[in-house]
Structures are given as structure tokens and as C-alpha cells.
Amino acid sequence: MFWTKRVVIGDGERAVLYRDRQFERVLAPGVHRMFDPLKRIEVRTFNIAAPEYAGHDVDALIARLGERLAATFVLADIGADEIGLVSKNGKLEDVLAPGSRRLYWRGLVKVEIERVSLADGLAVRGDVANRLRQLGTLGKLAVVAEVPAESAGLVFIDGKLVQVLEAGSHAFWNFRKNVAVDVIELRVQSLEVSGQELLTRDKVSLRVNLAASIRITDPVAARTKVAKFGDYVYRELQFGLRKAIAAKTLDELLGDKASLDADIFGYVRGRVGELGIEVLGVGVKDVILPGEMKDILNGVVQAEKLAQANVIRRREEANATRSLLNTARLIEESPVLMRLKELEALEKVTEKIGNLTVFGGLDGVMKQLVSLK
């Protein structure tokens, strides 16, 4: 009939019927015939395989359906201090922001809404974080903090420290509040203080390089009591080095560098201990002198070594002379020893002679060839 409107709704569809642009009812699957001679009826068909209601009249539908709403739709009415976790067929698929209001078709897809109160904390549950990470939406909905081993994470919400995190992966809902996570490394760290131009107590200019090792023992104190703890420790090392150098002469510095390290260590440890920072060690790496001072010191060292060499040489000469005197006394007291020395001298002489003619036999050799007076 010309005045009858025929509407066919499939199993995976639902339709909303409007008369004179006002909601009248929801059409279930099947064939529907409606008398509409004046073209006053409008039917909008929706594919419920995507269960979220795509119309723009959510509030009107809720108001018109009233108690009948639950028969056709799942209502997600999220409070201002809540978020909604939307699960489809038992799997988390979406997150609704605070204050959201959505409708989902009942039918092909089982939709469940879980409300999570933000008043109980902003931390994202581990299973929820893992699922959102799989969906690729975790970074858009939450602040993600990866805290490495031997580190600590400080959670600030609206500028206030609320939690200290251990190593691991953490996430916090990024709704209504400003969440920030600072990661503080707890491993031993090294600091280099290079090229410090300083004056000793005897007004000698030199340049010193210093190295130190530190470790954070209280991350809360290190983060909240000082703006940048690394810069603070660096400055205290500079001050401690300047103070220690100014209290010593050049000879004292060069003669006992260990005491210099101890002085700097004691000063810095006392200054940073209350900030949750432990100084493990301080050491002067290099003491660099100006060129002219190097020449002077080299000359002094050379003169000292030369004087030491002369003393050693004179001492050895005296020892040799004393040994010769003792030998002479022994020879004078013993004619046999004298004759042995003559034979030793004869042996040394004959080693350099090619041919030797001897007259008078052995007695001539012994008595006439060598004669010492």
C-alpha cells in the first residue's frame, strides 16, 4: 500500500523510530510495517556489532525510555570523580573520562561498565595497564613511569609529593590532576671538578682537577630540600677544594696529597649529609703548575738529586780508600801475603804478553822477573 512504510531490521541491527522528529520506540530485528500517509515517520538503523550508540540524542533517549532503557541499552553514567572501564565480551576495550555519559546496544556484544573511583588513588591497576598498553592507548590516558633498577620514583600530584615508587613499570590516570614522576638514580655517581685556578697559602698559583663519588641515600630529601642536588654537591666540592688549598703551602701539597683529600672529604660530607647524599670518596687527580714554576721545581729537584749523587760518590770513594789502607797494613805485616800480591800482578802482566823468555828456571821467575821495593 502506498501509505504503508515497510522497514526490515536485520539480526545485527537495531532501529530508532521517530515520529515528527520525536523519539517513539526502538525497533527489534524483523519486518515492520507502519502507516505513514503524511511522511511523518523517520527510522534510523544502527549496526550493533559496534555497540556504542552513535546518535546525538543520548540524553533524550535516556529521558524518554526511563525504566525501559535497560532492556535495550547499557548505560554508562560516569561521575565527576570516576572513570569508566568498558569491557566488550569480557575484554577491556575503552576508558571513559570523568563525567562521561554513553549508551551501548544490548545484543551481539556483551558490554560491561566498571566504575573506578579516583578518590581512592590515581594508580592504574596492573591488569588494566597491561591491556591498555596492548591497545596502544596507555600513554594517552595515563602518565607512565618506568623506574629502572637501583632507582626510585617520586610521584607528585598537583605539585605535592604523595608516593615513592620502587623499580618497575607504573602508570597513573591523567584525569583532573597534574601528575609528574621524577626518577632518582640510587647507584654510585661520579663528579668531576676540573680546571680550578687556586692560590696556595704561599701565593703560588696552580690548577687542580678533583674527582668525587656520591650516592643518594634519601631520594625524598635530595629532591625536596635542594633544587638540583648535583649542582649543589659540585659547588660544595669547589668550596672545599678552595678552602683546603688556601690552607697549605706548595711544599705541603706536593708532599702530602692524602691529607688534602681528607680535608676536602670531611668538609663536603658535613655539608651534604642532611640532604640524603652520601659522599663515598674524594680525590685530587692532578695538580698542574704554571710553566715557570715547573722549571723552578725541576731545577730544585735536579739540584737535590745531584747533591745526593755527590754524597754517595764521596762516601763510596772513602770506603774504597779505607779498604786499600787496610790491605796495605795486612801486606806490611805478612811477607807471604806480599808475595801473593806480587804473583797476582805477574799473572795480570803475563796475560798481555805474547812471548815470554825465562832464564834461571823457576827460581829466576820467582826472584828476578818481578821485584817490588
Side-chain angles (χ1 to χ4, degrees), residues 11-16 23 26 28-29 44 46-147 153 155-158 160-181:
D11 290 337
E13 296 177 327
R14 296 292 185 273
V16 180
F23 171 78
V26 175
R44 298 177 187 173
F46 299 90
N47 180 9
I48 65 172
E52 183 174 355
Y53 177 68
H56 300 289
D57 54 348
V58 172
D59 293 334
L61 283 178
I62 294 172
R64 294 296 297 272
L65 286 172
E67 296 180 355
R68 296 176 296 160
L69 181 69
T72 307
F73 294 100
V74 174
L75 173 62
D77 194 0
I78 309 302
D81 291 327
E82 297 177 328
I83 60 171
L85 303 180
V86 182
S87 298
K88 299 176 182 179
N89 293 331
K91 297 180 180 179
L92 178 64
E93 296 292 341
D94 196 8
V95 176
L96 301 180
S100 299
R101 206 178 195 193
R102 302 279 179 84
L103 287 177
Y104 297 89
W105 293 104
R106 291 186 183 275
L108 294 181
V109 178
K110 182 181 178 182
V111 177
E112 296 175 312
I113 308 298
E114 178 186 355
R115 291 178 173 83
V116 177
S117 175
L118 297 179
D120 298 333
L122 298 180
V124 182
R125 287 202 322 257
D127 59 328
V128 175
N130 292 335
R131 177 58 179 167
L132 294 178
R133 188 177 286 109
Q134 291 176 353
L135 297 175
T137 59
L138 181 62
K140 300 177 182 178
L141 300 171
V143 175
V144 181
E146 301 292 341
V147 182
V155 182
F156 293 87
I157 297 179
D158 291 339
K160 182 180 179 181
L161 177 65
V162 297
Q163 188 178 357
V164 178
L165 303 177
E166 297 180 350
S169 180
H170 307 269
F172 299 87
W173 295 116
N174 194 19
F175 296 112
R176 299 180 59 247
K177 294 182 181 293
N178 183 23
V179 180
V181 179

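Between Arg101 and Ile78, every side-chain heavy-atom pair lies at or beyond the 4.5 Å cut-off. The side-chain heavy atoms of Lys88 and Pro51, taken from C-beta on, include a pair separated by under 4.5 Å. Here the side chains of Arg131 and Leu138 are not in contact, with every heavy-atom distance at 4.5 Å or above. For the pair Phe175/Leu141, a side-chain contact is recorded, criterion being any heavy-atom separation below 4.5 Å from C-beta on. Side-chain atoms of Ile83 and Leu118, non-hydrogen and from C-beta on, do get closer than 4.5 Å to each other. At a threshold of 4.5 Å between non-hydrogen side-chain atoms, the residues Val143 and Trp173 do not count as touching. Counting heavy atoms from C-beta outward, Phe172 and Val144 have side chains that stay 4.5 Å or more apart. Between Arg102 and Asp94, the closest side-chain pair of non-hydrogen atoms falls below 4.5 Å.
Among all heavy-atom pairs drawn from Ala28 and Arg14, the shortest one is CA-CD, 4.4 Å. Considering all non-hydrogen atoms of both residues, Ala76 and Leu96 come closest at CB-CD1, 3.6 Å. The minimum heavy-atom distance linking Pro98 with Ala80 is given by the pair CB-O, 3.3 Å. Counting all heavy atoms, side chain and backbone alike, Val111 lies closest to Val74 at O-CG2, 4.0 Å. Shortest non-hydrogen contact noted between Val179 and Ile157 is CG2-CG1, 4.3 Å. A pairwise comparison of heavy atoms in Gly153 and Val147 identifies N-CG1, 4.0 Å as the closest pair.
A salt bridge links Asp127 with Arg125; the closest basic N to acidic carboxylate O contact falls under 4.0 Å. A salt bridge links Asp81 with Arg176: the distance from a Lys NZ or Arg NE/NH1/NH2 to an Asp or Glu carboxylate oxygen falls below 4.0 Å.
The NE2 atom of His170 sits 7.5 Å away from atom CD of Glu166, with the distance rounded to the nearest 0.5 Å. Between atom CG of residue Leu85 and atom CD of residue Glu93 there is a gap of 12.0 Å, rounded to the nearest 0.5 Å. To the nearest 0.5 angstrom, Leu132 atom CG is 4.5 Å from Thr137 atom OG1. Here Leu92 contributes atom CG and Gln134 contributes atom CD; the two are 10.0 Å apart, rounded to the nearest 0.5 Å. Phe73 contributes atom CZ, which lies 9.0 Å from atom CD1 of Ile62 (distance to the nearest 0.5 angstrom). Between Ser117 atom OG and Glu82 atom CD the span is 6.0 Å, to the nearest 0.5 Å.
The closest donor-acceptor contact from the side chain of Arg106 to the backbone of Thr72 lies at 3.5 Å or more, if one exists at all.
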Under the side chain to side chain contact (heavy atoms under 4.5 Å, CB included) rule, what do Leu69 and Leu103 come out as? Steps first, then yes or no, please. CA-CA 9 Å; Leu69 181 69; Leu103 287 177; 4.0 Å; yes
Can you list the steps and then say if Leu108 with Glu13 is a side chain to side chain contact (heavy atoms under 4.5 Å, CB included)? CA-CA 9 Å; Leu108 294 181; Glu13 296 177 327; over 6 Å; no
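Aromatic ring centres of Tyr53 and Tyr104 lie farther apart than the 6.0 Å criterion allows.
Side-chain polar atoms of Glu112 and Ser87 form no donor-acceptor pair below 3.5 angstrom.
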